[in-house]
**Student:** 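Structure provided below as structure tokens; questions to follow.
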Amino acid sequence: DVKVTQSSRYLVKRTGEKVFLECVQDMDHENMFWYRQDPGLGLRLIYFSYDVKMKEKGDIPEGYSVSREKKERFSLILESASTNQTSMYLCASSPGTSTGANVLTFGAGSRLTVL
Amino acid sequence: GIQVEQSPPDLILQEGANSTLRCNFSDSVNNLQWFHQNPWGQLINLFYIPSGTKQNGRLSATTVATERYSLLYISSSQTTDSGVYFCAVGGMYSGGGADGLTFGKGTHLIIQP
């Protein structure tokens with residue numbers, strides 16, 4: 001079974017703090033994604049990555065950055081957290097179209113509260 | 001980008017009932033997945049179904065790509081089926097989901113004992 005592990009289930013941070021959300025997958029997937037989920041808005045794509053050191057902006061990248069130094073790890077960074085970044089953050093990975101169906105597998109989520 | 005609409009937004013049923021959830025999308029797709037989000041927030045992939053019909057136990061799904069909709073059927077509902085069901089699509093011109101899927105807003109299903 002593919003496993004996507006997010007390092008923190010719950011975090012509470014203060015406005016202005018730098019926040020790191022870590023995500024690791026163990027099935028050699030090419031693609032990794034960060035979404036945020038808010039009530040009434042569904043899931044929205046923040047950033048994604050096709051490969052190591054590659055990153056692409058999703059629909060709502062403002063206020064976020066990402067890092068993919070190793071194939072299995074994709075980090076989401078909030079340089080200066082703000083209260084409107086309070087949300088559930090979901091990491092996902094998929095094998096890549098070259099290996100067949102691009103089925104997304106999600107981690108358990110990280111619920112971030114910014115005070 | 002592609003628009004994804006799910007209906008109904010909310011559904012309350014008694015245990016044992018059957019239900020049909022619908023997903024409409026605005027453009028051609030070559031990736032469509034149904035997910036169930038449990039009360040703890042975990043999203044579980046139910047079906048990868050860009051076209052055709054699949055069944056898995058009490059759940060089945062049908063996608064009619066030419067008419068741009070997909071249906072998720074749940075038969076003999078159980079309380080553990082409660083949660084939010086999401087449809088997510090990857091467009092023909094976006095690498096089939098390689099650059100992320102677009103999600104609908106979900107159907108919130110409550111199964112009462």
Side-chain angles (χ1 to χ4, degrees), chain A residues 1-6 8-10 23 27 29-51 54-61 66 74 87-112, chain B residues 1-10 21 23-26 29-52 54 56 61 63 65 83-108:
Chain A
D1 267 4
V2 176
K3 220 176 209 180
V4 179
T5 303
Q6 295 185 229
S8 303
R9 190 77 176 94
Y10 298 96
C23 175
M27 284 298 288
H29 279 181
E30 292 179 9
N31 305 326
M32 296 189 76
F33 309 88
W34 277 106
Y35 285 86
R36 67 176 279 177
Q37 183 178 14
D38 301 287
L41 297 177
L43 277 78
R44 295 178 291 166
L45 183 63
I46 305 171
Y47 268 96
F48 60 99
S49 169
Y50 297 124
D51 201 351
M54 302 294 290
K55 59 184 180 184
E56 298 288 341
K57 293 180 180 179
D59 299 317
I60 52 164
V66 290
F74 192 36
S87 187
M88 169 73 101
Y89 290 89
L90 294 158
C91 176
S93 70
S94 70
T97 47
S98 62
T99 56
N102 236 344
V103 177
L104 259 63
T105 299
F106 278 86
S110 298
R111 188 169 293 282
L112 172 66
Chain B
I2 285 187
Q3 307 299 311
V4 182
E5 290 187 7
Q6 292 187 243
S7 59
D10 301 282
L21 282 56
C23 171
N24 292 334
F25 42 95
S26 62
V29 301
N30 58 7
N31 189 328
L32 190 147
Q33 294 173 45
W34 282 97
F35 295 89
H36 174 223
Q37 188 170 41
N38 64 25
W40 297 272
Q42 175 74 59
L43 274 160
I44 304 295
N45 183 282
L46 298 174
F47 293 103
Y48 168 78
I49 187 165
S51 63
K54 288 186 178 178
N56 184 2
T63 297
V84 184
Y85 290 80
F86 289 101
C87 168
V89 304
M92 285 284 210
Y93 308 106
S94 64
D99 45 355
L101 299 180
T102 300
F103 282 73
K105 290 188 166 54
T107 292
H108 186 197

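The structure displayed is predicted, hence computed values, not measured ones. Protein chains get the first letters and strands the later ones, always in sequence-line order, with residue 1 at the start of each.
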**Student:** Need one label for A:Leu45: side chain, backbone, both or neither, based on atoms under 4.5 Å from any heavy atom in chain B.
**Tutor:**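 It is the side chain, since no backbone atom gets that close.
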**Student:** Any chance you could measure A:Glu30, atom CD, to A:Ser93, atom OG, to the nearest 0.5 Å?
**Tutor:** 11.0 Å
**Student:** As an exercise: rank A:Arg44, A:Met88, A:Arg111, A:Gln37 by heavy-atom pairs under 4.5 Å with chain B and give me the winner.
**Tutor:**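 When all of A:Arg44, A:Met88, A:Arg111, A:Gln37 are compared, A:Gln37 has the most.
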**Student:** Give the member of A:Gly58, A:Gly109, A:Gly107, A:Gly42 that has the highest number of heavy-atom pairs under 4.5 Å with chain B.
**Tutor:** A:Gly107
**Student:** Nearest 0.5 Å, please: how far is CG in A:Leu104 from NE2 in A:His29?
**Tutor:** 9.5 Å
**Student:** Report the distance from atom CZ of A:Phe33 to atom CD of A:Glu56, rounding to the nearest 0.5 Å.
**Tutor:**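 The CZ atom of A:Phe33 sits 11.0 Å away from the CD atom of A:Glu56.
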**Student:** By a 4.5 Å heavy-atom criterion (distance strictly below it), what part of A:Arg9 contacts chain B: side chain, backbone, both, or neither?
**Tutor:** side chain
**Student:** Could you state the interatomic distance from CD (B:Gln6) to CH2 (B:Trp34), rounded to the nearest 0.5 Å?
**Tutor:** 5.0 Å
**Student:** With a 4.5 angstrom heavy-atom cut-off, which part of A:Leu41 approaches chain B: side chain, backbone, both or neither?
**Tutor:** backbone
**Student:** Would you give the length of the straight line joining atom CZ of A:Phe106 to atom CG of B:Asn45, rounded to the nearest 0.5 angstrom?
**Tutor:**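 If I round to the nearest 0.5 Å, the distance is 9.0 Å.
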